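All remarks here apply to the structure that follows.
Values reported hereafter were calculated over all heavy atoms of this structure, with side chains retained and with hydrogens, waters and symmetry mates removed. The structure displayed is predicted, hence computed values, not measured ones.
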Amino acid sequence: MGQAVTRTFTVEGMHCASCGMLIDDALEDLDGVTSSTTSLRAGQAKVDLDPDRCTPDDVIAAIAEAGYTARLAPQ
C-alpha cells in the first residue's frame, strides 16, 4: 500500500449540502480513498487517496456516476 496523498477536484453541479454528502459517500466507497471532504461553497472535493489503488480518473468517474462534473484542480 502506498502513502496517501491529498488531491483537490473542482466539482460542478452541486446545489445544496446534500450534494456534497452524496459525493463524499460515493468517493469513500472507492478502494484506495481514505477520506473525502466536499465543500459546496468552494465547489471542491478534497480527497485523501492511495495513488497505488485509486487514480484521479477513478475519482472523476465516481463523481460523474453520482451526477456531477469534476476535474482535477491545479496543484
Side-chain angles (χ1 to χ4, degrees):
M1 190 182 316
Q3 177 134 5
V5 296
T6 301
R7 295 285 184 254
T8 301
F9 297 83
T10 301
V11 181
E12 297 175 358
M14 294 187 294
H15 59 275
C16 65
S18 293
C19 294
M21 291 173 28
L22 181 70
I23 291 168
D24 289 335
D25 287 345
L27 293 177
E28 289 173 2
D29 285 343
L30 284 177
D31 182 42
V33 171
T34 56
S35 71
S36 171
T37 305
T38 302
S39 168
L40 172 65
R41 180 172 290 173
Q44 293 183 330
K46 291 187 186 256
V47 183
D48 295 329
L49 57 89
D50 177 347
D52 292 338
R53 296 172 33 217
C54 183
T55 68
D57 287 340
D58 295 331
V59 172
I60 291 168
I63 293 172
E65 190 171 311
Y68 305 92
T69 304
R71 67 182 180 281
L72 187 60
Q75 294 184 18

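Thr34 has its side chain out of reach of Asp50: every pair of non-hydrogen atoms, C-beta onward, lies at least 4.5 Å apart. Side-chain contact between Met14 and Ile23 is present, with at least one heavy-atom pair separated by less than 4.5 Å. Residues Thr37 and Ser39 fail the side-chain proximity criterion, which asks for heavy atoms closer than 4.5 Å.
The OG1 atom of Thr8 lies 5.5 Å from the CD atom of Gln44; values are rounded to the nearest 0.5 Å. For the atom pair CD1 (Ile63) and SG (Cys19), the distance works out to 12.5 Å, reported to the nearest 0.5 Å. One finds the CG atom of Leu49 at 5.0 Å from the SG atom of Cys54 (value rounded to the nearest 0.5 Å).
Considering all non-hydrogen atoms of both residues, Leu40 and Ala17 come closest at CD2-N, 3.9 Å. For Ala66 against Ala26, the heavy-atom pair with the smallest separation is CB-CB, 4.4 Å.
Counting only distance, with no hydrogens or angles, the side chain of Asp48 and the backbone of Ser35 share no donor-acceptor pair below 3.5 Å.
Residues Ile60 and Val5 share a single hydrophobic cluster, defined by chaining ILVMFWY side chains whose heavy atoms lie under 4.5 Å apart.
None of Leu30, Val33, Thr38, Asp24 except one satisfies the side chain to side chain contact (heavy atoms under 4.5 Å, CB included) rule with Val47; the exception is Val33. Applying the side-chain hydrogen bond (donor to acceptor under 3.5 Å, both in side chains) test between Thr55 and each of Asp58, Asp57, Asp52 identifies Asp58 as the sole match.
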